[in-house]
Amino acid sequence: MTQTPALRPDLSAVLAALNPQQREAVEHTDGPLLIFAGAGSGKTRVLTTRIAYLISQRKAWPERILAVTFTNKAAREMRERVGQLVGEDVAKDMWVGTFHHTCVRILRREAPRLGLERSFTIFDDDDTRASLRRVLDGLGLDQKRYPPSLIANAISNAKNELQGPEGIPNRNYFDEVVRRCYVEYEALLRRSGGLDFDDLILSVVKLLQEQEDARGYWQDRFRYVLVDEYQDTNRAQYVLVNLVAAEHRNLAVVGDDDQSIYGWRGADVRNILDFQKDYPDATVVRLEQNYRSSQAILDAAHQVIQHNPERAPKKLWTDRKGGEKVIAVQTYNEIEEAEFVADEIDRLRRAESRKYKEFAVLYRTNAQSRGFEDVFVRRRIPYRLVGGIKFWERREVKDLLAYLRILANPSDSVSFVRVVNVPRRKIGQVTVDRLIGFARDQQLGVMEMLDRAAEAGAPKPALGPIEHFAKQLKSLQASVGALRPSELVDLVIEVMQLRAFYEDGTPQGEARIENLAELHGYAEEFDPLDPKEGLDEFLAEVTLTSDVDTYDEKEEGVTLITLHMVKGLEFPVVFLVGLEEGLLPHQRSLEEEKGIDEERRLMYVGITRARDRLYLTCAFRRHIFGQAAAGMPSRFLGDIPQALISAPREGRAPAAPPPRHEYRQRFLERSVQAAPAPPPVQRFGDGDRVRHPNFGEGQVIKSTLTRTDEELVVKFDKAGLKILSGALAPLEKLA
DNA sequence: ACCAGGCTTCTTTTT
DNA sequence: GAAGCCTGGT
């Protein structure tokens, strides 16, 4: 330290504003600390104040404090808020980031020790699947029987459990396939100088476990360690933080077992529930006062979550009295569900002068956003979609990034395969296979591989194009240390003529070209760094940035978001939609042990996002895989006592409170009461012969009018009985 | 090597 | 209702 950072030690006012439990969490400085932080209990405030307190008490220099968050957005916020308390120049030295970012930072420094290139490439899911496809090919295995995504999942689970290929169980042939793929996949990663998401954590764990010097350094370095969302840590992450904090034992973990929703990717709630076993001397603080939601909303949340077993004891409370009752509504189908939401948004904008950004629509699956998008576009309601097809995953963006990746790391053959024919180069499958095989055997990077194409056995006609490609890449590579990331982006676009390649006269082509331009803008952020370093950082950032990270709450528009991504956010008005059996809880969750519990926690997370108003909606019919299916109200609706739910608004049927046992029967009664007004046209009568492009010919068994649609039950000669929407299905009436 | 068209399967959830 | 895979044609 050359100079003492300018501290603003007058935290007394900030401390005085905390409640007693919050204050205890802040002022506890030494030794292990477990904070159970319920939804809306001021967790971020406690964490940031605690860090500021540590700094102002001179407990540690900022660069010796490590805070691990779940998203980059949370990390940024934390740094900002600490900055407001102790000064930005001080806060900038803290280590704040996601598990993955933190590990990348460590790995960049420790690369040599691990026999790793400093410019290692981070493989995202897409790259992993592409790699596995190649592996399967190499092993002569059928991708239909052994879907790459399933194998990727199995390997990921193993890695999260710190298991190598030998740790894959031996139950059946599929396991055997997974094990062999795992071995080959690892070899491919190593040859490519690549690490996948899980490897980032795994490599640091290994480093700390196996190399005493490194372990000593990092354990000494981080005097204070804080981990947010501890209930969502997996085995590898658990080992990592406990290892890092082992020397000073100043480990503070924050979380809420009721909000554990990432079990499917290896998160283990026991990490938080067993913290006191790991650290018998731990101080435990419970933050139970909720500063976000109305009493009515909190009550509903409590009713839902209390059905779960194995919860750490706690109950949220608020001194906000009363509040609007929760409104539950069943609509005819997903279109009307969206219409209803749109109606309410319009109404509340007028009645309560609310802004668009005060509303959020929360759903279980990304596919559900479609109906809302369609309706919002038509009704000119501005919205922003979080998640779904991400910017970084768009084809053209990935193509351009693949070029940059080859430049940053010439061993990255996965990226080479991706762009070998972008634009068309007439280098065929056979040629690519021979080149890749040769490169593997001879341990070559992309450049040498292309230079020795003839030797590799590439077909004669391909040699010309290959040589040209090599020349292009070399000319780009000459600029790598010299040009800044954004300039490099432009150069790739120009040399490879990507604009012309994507230009196809369609609006989609236009969009692709715009996205390329947008990439330039992102890259600019890394221009101030050393050129090569900037390129590496840019590429890492790109693969580690999620959609919520770029979410800006000040931006106008209704938020459309999944229940998983919404954790940590809050909105004055929340619509929790698609509350149907099969959707929430999701069909797939029913097959898993404890699946239902996690679904219920999702519901709980959704409810607790709401400040003032909460709507719960479900649809009677929903199109799934393009076909209408019947939906039963979610069992979770039945967890909420009728007394907490408002009477249905006029003209709307209430969601049937799902009876604990016989909900099918009661549901049907309800749906009869719910008979909506007739739609404009009834095109078919009972007994009509019809033709459908997919299902062939059939006979209408029953035609029913609903408020906006004609619902048809058709018995197809070949395809059997189907329920179709008269408005949507391309049905043709036969004479 | 590339394209069009038909077939299938598919969907949880994400760093 | 889309994306991906396969086939058969050029």
Side-chain angles (χ1 to χ4, degrees), chain A residues 68-75 97-104 122-126 128-129 133 142-144 147-150 152-153 156 159-160 195-201 229 232-234 236-237 260-267 362-371 374 386-390 392-393 395 420-421 424-432 459 461-462 465 540-549 561-567 578 582-592 595 598-599 601-603 605-606 623-628 693-694 725 728-730:
Chain A
V68 185
T69 59
F70 201 63
T71 63
N72 293 296
K73 179 171 181 282
T98 62
F99 270 103
H100 293 91
H101 255 119
T102 304
C103 287
V104 168
I122 303 169
F123 277 37
D124 67 12
D125 278 0
D126 218 43
T128 295
R129 276 198 306 273
R133 255 179 248 125
D142 179 18
Q143 322 208 354
K144 277 260 163 69
S149 55
L150 268 189
N153 226 333
S156 173
K159 287 187 175 181
N160 287 335
L195 295 177
D196 65 22
F197 285 137
D198 305 313
D199 287 336
L200 297 176
I201 317 279
E229 307 282 9
D232 284 327
T233 50
N234 61 35
Q237 293 165 336
S260 158
I261 55 176
Y262 285 97
W264 50 274
R265 69 173 200 210
L362 277 39
Y363 39 78
R364 176 67 230 264
T365 67
N366 282 305
Q368 286 167 262
S369 69
R370 173 170 299 269
D374 289 350
V386 183
I389 336 101
K390 291 167 206 103
W392 308 112
E393 289 169 9
R395 200 187 84 195
V420 66
N421 278 306
R424 312 254 109 89
R425 289 198 178 85
K426 311 217 169 188
I427 301 175
Q429 192 64 57
V430 179
T431 310
V432 171
E541 172 98 358
V542 156
T543 32
L544 294 180
T545 297
S546 86
D547 225 30
V548 265
D549 294 333
I561 191 170
T562 62
L563 286 165
H564 283 90
M565 297 196 84
V566 81
K567 191 167 64 164
L583 213 44
L584 186 72
H586 195 277
Q587 197 63 44
R588 299 283 287 257
S589 72
L590 304 177
E591 297 153 18
E592 291 154 34
E598 184 149 316
E599 297 292 300
R601 290 192 290 268
L602 269 175
M603 174 93 176
V605 166
H623 290 261
I624 189 139
F625 299 143
Q627 205 196 305
N694 297 338
S725 150
L728 299 173

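Chain naming here is simple, since letters A, B, ... match the order of the sequence lines and numbering starts at 1 in each.
Residue contacts shown for N366(A) are limited to sugar-phosphate atoms, with no base heavy atom under 4.0 Å away. Residue I427(A) is in sugar-phosphate contact alone, with no base atom involved, counting any heavy-atom pair closer than 4.0 Å across all strands shown.
D124(A) places its CG atom 11 Å from the P atom of dT15(B), with the value rounded to the nearest Å. Nucleotide dT14(B) holds its P atom 13 Å from the CZ atom of F197(A), rounded to whole Å. If you take NE2 of H623(A) and C1' of dT11(B), they are 17 Å apart, rounded to a whole angstrom. Remark: C1' of dT13(B) and CZ of R601(A) are 13 Å apart, rounded to the nearest angstrom. Summarising the geometry, the separation between NZ on K73(A) and P on dT15(B) is reported as 13 Å, rounded to the nearest angstrom. What separates CG of D198(A) from C1' of dT14(B) is a distance of 11 Å, to the nearest Å. Separating the CD1 atom of I624(A) from the C1' atom of dA2(C) is a distance of 14 Å, rounded to the nearest angstrom. Rounded to an integer number of Å, the gap from L563(A) CG to dT14(B) C1' is 14 Å.
Taking only side-chain nitrogens and oxygens, T545(A) never comes nearer than 4.0 Å to OP1 or OP2 of dT15(B).
Remark: the backbone N or O of R424(A) is not paired with any side-chain donor or acceptor of N421(A) at under 3.5 angstrom. A donor-acceptor contact shorter than 3.5 Å is absent between the side chain of T431(A) and the backbone of I427(A). Between the side chain of R601(A) and the main chain of S260(A), a donor-acceptor pair closer than 3.5 Å is present.
dT11(B) has no stacking from F625(A) on its base ring, since the centres under 5.5 angstrom apart and planes within 30 degrees of parallel are not both found. Once the 5.5 Å centre distance and the 30° plane angle are applied, the aromatic ring of W264(A) is found stacked with the base of dT13(B).
Where R425(A) and D549(A) each meet DNA chain B at their nearest nucleotide, the meeting point lying more 5' is that of R425(A). Annotation: of the two residues near DNA chain B, S149(A) and N72(A), the 5′-most nearest-nucleotide partner is S149(A).
Counting only heavy atoms from C-beta on, H564(A) has its side chain closest to dT14(B) among dT15(B), dT11(B), dT14(B). Among dT11(B), dT14(B), dA2(C), the nucleotide with an atom closest to any side-chain atom of R370(A) is dA2(C).
Side-chain contact of S156(A) with D198(A): a donor-acceptor pair under 3.5 Å is present, judged by distance alone.
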Using nucleotides 3-8 of chain B, report all nitrogen or oxygen pairs with the protein that are shorter than 3.5 Å.
from: dC3(B); atom 1: OP1; to: R424(A); atom 2: NH1; distance (Å): 3.4

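F123(A) pairs by the ring pair (Phe, Tyr, Trp, His ring centres under 6.0 Å) definition with nothing, not counting sequence neighbours. In this structure W264(A) satisfies the ring pair (Phe, Tyr, Trp, His ring centres under 6.0 Å) test together with Y262(A), H564(A), sequence neighbours excluded.
With respect to D196(A) and K159(A), a salt bridge is recorded, a charged nitrogen being found less than 4.0 Å from a carboxylate O.
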